[in-house]
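These numbers come from a predicted model, not from an experiment.
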Amino acid sequence: MNLDFTQITSSIPYILQGIGVTLKIVGVAALIGFAIGILLALCKIGRFKGFKWFADIYTSIFRGTPLILQLLLIYYGTPQLFDIKVSAYTAAVLAFGFNSGAYISEIIRAGILAVDRGQLEASMALGIPYKKMMKDIVLPQALKNILPALMNEFITLTKESAIVTVIGVTDIMRRSYIVGGNTYRYFESLIFAGVIYYLMVIVLTLIGKAVERRMRRSD
Amino acid sequence: MIKIQDLRKSFKNIEVLKGISTTIQKGEIIAIIGPSGSGKSTFLRCINLLETPSGGQIWVNENEVTNPKVNIMKVREQVGMVFQQFNLFPHKTVLENIIYAPMMVKGISKSEAETKGRDLLKKVGLSEKENEHPVRLSGGQKQRVAIARALAMSPEMMLFDEPTSALDPEMVKEVLEVIKSLALTGMTMAIVTHEMGFAREVADRVLFLDDGQLVEDAAPAEFFSSPKSKRAQDFLEKIL
């Protein structure tokens with residue numbers, strides 16, 4: 001067995017810089033995904049048939065095709081359709097955001113439907129308008145219930161972000177792959193990347209638990 | 001004043017209300033009683049359009065709520081409702097539950113809403129609970145908060161949908177006391193209830209519903225001592 005982690009020591013800072021790249025993609029994509037998710041969920045439970053169809057078709061397409069295909073379509077395909085150049089970072093953020101929006105919308109929809117009907121009736125009886133009822137009464141309760149599922153989605157997003165490697169974004173994954181190639185130490189550099197991803201997921205999990213504890217204080 | 005004309009409601013193929021007409025005058029207290037499944041709750045819930053009537057007309061004051069052109073949200077501001085299951089907002093404190101709608105719907109300032117909210121909490125005897133979340137309250141306390149929440153909108157009339165049916169027996173009294181004290185203020189009220197003693201004592205009129213029909217409409221003394229219809233006689237025999 002030929003393992004020597006000291007061989008990649010000098011490249012460790014280089015790989016670590018990828019954390020920032022990955023976080024930037026995941027963070028922005030999560031925000032986009034969350035915003036799209038809420039909008040789609042509201043369309044799905046709303047009265048307007050047209051919105052409902054749009055949201056269902058959107059979800060069906062983004063869940064029904066590979067993420068990497070969506071990423072490549074946005075990165076390589078868009079310039080062919082429109083006369084614009086999409087940067088790798090933009091393509092990554094859009095692909096992940098659009099994709100997780102589909103998943104998050106289903107999570108939020110289930111969360112909204114699980115809120116007791118009595119809450120809607122009490123709001124209606126008080127004359128609270130639909131928008132305010134959703135924002136202040138229904139969504140806060142829904143979010144509390146779906147927090148574990150949302151955390152799950154963000155964890156998935158963090159790990160899946162590694163596929164931006166294929167369009168050349170120098171995230172943690174790509175950097176460790178490059179270091180592996182340069183030093184002929186693939187195992188060491190990839191394991192190192194794996195440890196970074198794992199620690200990031202652990203941190204996310206802890207944050208999720210802390211938020212959940214905070215939200216459950218009213219129980 | 002609430003005027004109801006030939007109110008009908010069907011769920012799928014089942015006709016729950018089969019043409020009910022009555023008028024509730026300003027300041028009147030109406031007890032709605034009847035066997036379960038008679039349509040009492042549906043009748044009450046039609047008044048503020050929590051259920052959409054299948055036929056007939058309802059006026060709340062001068063507004064015909066069954067007319068799609070009438071802004072039901074405005075009418076609901078005038079009609080407070082208290083539910084069997086309380087339906088407090090679990091993520092808000094007691095005081096937040098009370099001040100939310102006055103602030104958001106009526107645009108009252110926070111300080112004003114809080115002053116009024118604390119005043120109402122005092123009236124229902126829960127001043128010390130204003131910062132608790134509903135989960136920390138007993139059923140009777142929850143229902144009293146729910147009454148205060150409805151009153152915070154300064155409604156002209158109140159609907160009570162079996163306000164004590166979900167309570168443990170020892171908590172029924174505290175809620176009924178609050179409703180009684182409200183009755184003394186001249187509030188117009190319609191109360192669906194199984195508490196016959198309470199109905200007899202507080203109501204000006206008893207509406208007896210059975211099988212979606214208004215079978216009797218009488219003063220409580222008259223209704224409880226000498227019910228006219230066979231159905232009311234059978235019902236009272238079973239429960240008294």
Side-chain angles (χ1 to χ4, degrees), chain A residues 34 37-38 41-42 45-49 52 104 107-151 207-219, chain B residues 41 44-45 47-52 60 71-94 96-107 131-137 142 145-146 148-155 157-161 166:
Chain A
F34 192 59
I38 288 183
L42 290 175
I45 59 156
R47 277 167 297 179
F48 300 106
K49 280 262 152 46
K52 197 175 140 32
I104 291 175
I107 297 173
I108 293 178
R109 185 179 69 90
I112 291 174
L113 292 181
V115 173
D116 181 25
R117 225 194 116 62
Q119 294 290 309
L120 307 184
E121 292 186 348
S123 307
M124 284 193 274
L126 286 165
I128 299 170
Y130 185 82
K131 266 192 204 160
K132 285 182 177 156
M133 172 179 85
M134 277 297 161
K135 179 170 129 319
D136 296 332
I137 308 297
V138 176
L139 280 175
Q141 293 183 53
L143 287 181
K144 186 165 120 181
N145 293 333
I146 61 176
L147 203 72
L150 274 183
M151 249 13 245
I207 292 174
K209 283 195 172 140
V211 176
E212 208 177 322
R213 258 199 310 277
R214 247 188 91 89
M215 290 181 113
R216 297 230 174 263
R217 275 197 309 209
S218 61
D219 285 355
Chain B
S41 285
L44 196 74
R45 290 158 57 85
I47 295 175
N48 63 352
L49 244 55
L50 285 188
E51 303 290 353
T52 312
V60 172
N71 183 357
I72 184 63
M73 302 308 264
K74 282 285 157 206
V75 178
R76 282 174 179 158
E77 287 179 36
Q78 303 164 16
V79 184
M81 188 164 198
V82 172
F83 299 87
Q84 184 179 352
Q85 299 295 341
F86 329 124
N87 296 342
L88 293 177
F89 305 134
H91 59 303
K92 293 185 181 293
T93 65
V94 164
E96 285 167 356
N97 261 279
I98 295 173
I99 64 172
Y100 177 79
M103 284 167 57
M104 288 300 163
V105 180
K106 292 198 143 178
N131 292 319
E132 296 281 8
H133 279 90
V135 73
R136 316 260 312 186
L137 304 181
K142 280 184 204 168
V145 172
R149 178 176 69 175
L151 291 174
M153 288 295 282
S154 312
M157 52 198 86
M158 289 280 286
L159 309 175
F160 291 86
D161 188 3

Please look at [X] and chain A and tell me whether the side chain, the backbone, both or neither of the residue comes under 4.5 angstrom of a heavy atom of that chain.
| X | answer |
| --- | --- |
| B/L88 | backbone |
| B/F86 | neither |
| B/V105 | side chain |
| B/F89 | both |
| B/R45 | side chain |

Q: Test B/M104 against every option in A/I137, A/D136, A/I128, A/L126 by the side chain to side chain contact (heavy atoms under 4.5 Å, CB included) rule and name the one that passes.
A: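 Single side chain to side chain contact (heavy atoms under 4.5 Å, CB included) partner of B/M104 among A/I137, A/D136, A/I128, A/L126: A/D136.
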
Might you point out which heavy atoms bring [X] and [Y] nearest each other, and give the distance in Å?
| X | Y | value |
| --- | --- | --- |
| A/A125 | B/N48 | CB-ND2, 3.9 Å |
| B/N87 | A/A122 | O-CB, 3.5 Å |
| B/P90 | A/Q141 | CG-OE1, 3.4 Å |

Q) Taking B/R149, B/Q78, B/M153, B/K106 one by one, which has the highest count of heavy-atom pairs under 4.5 Å against chain A? A)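 The option with the most such pairs is B/R149.
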
Q: Please round to the nearest 0.5 Å and tell me the distance separating atom CZ of A/R117 and atom CD of B/Q85.
A: 14.0 Å

Q. How far does CE of B/M81 sit from CE of A/M124, to the nearest 0.5 angstrom?
A. 10.5 Å

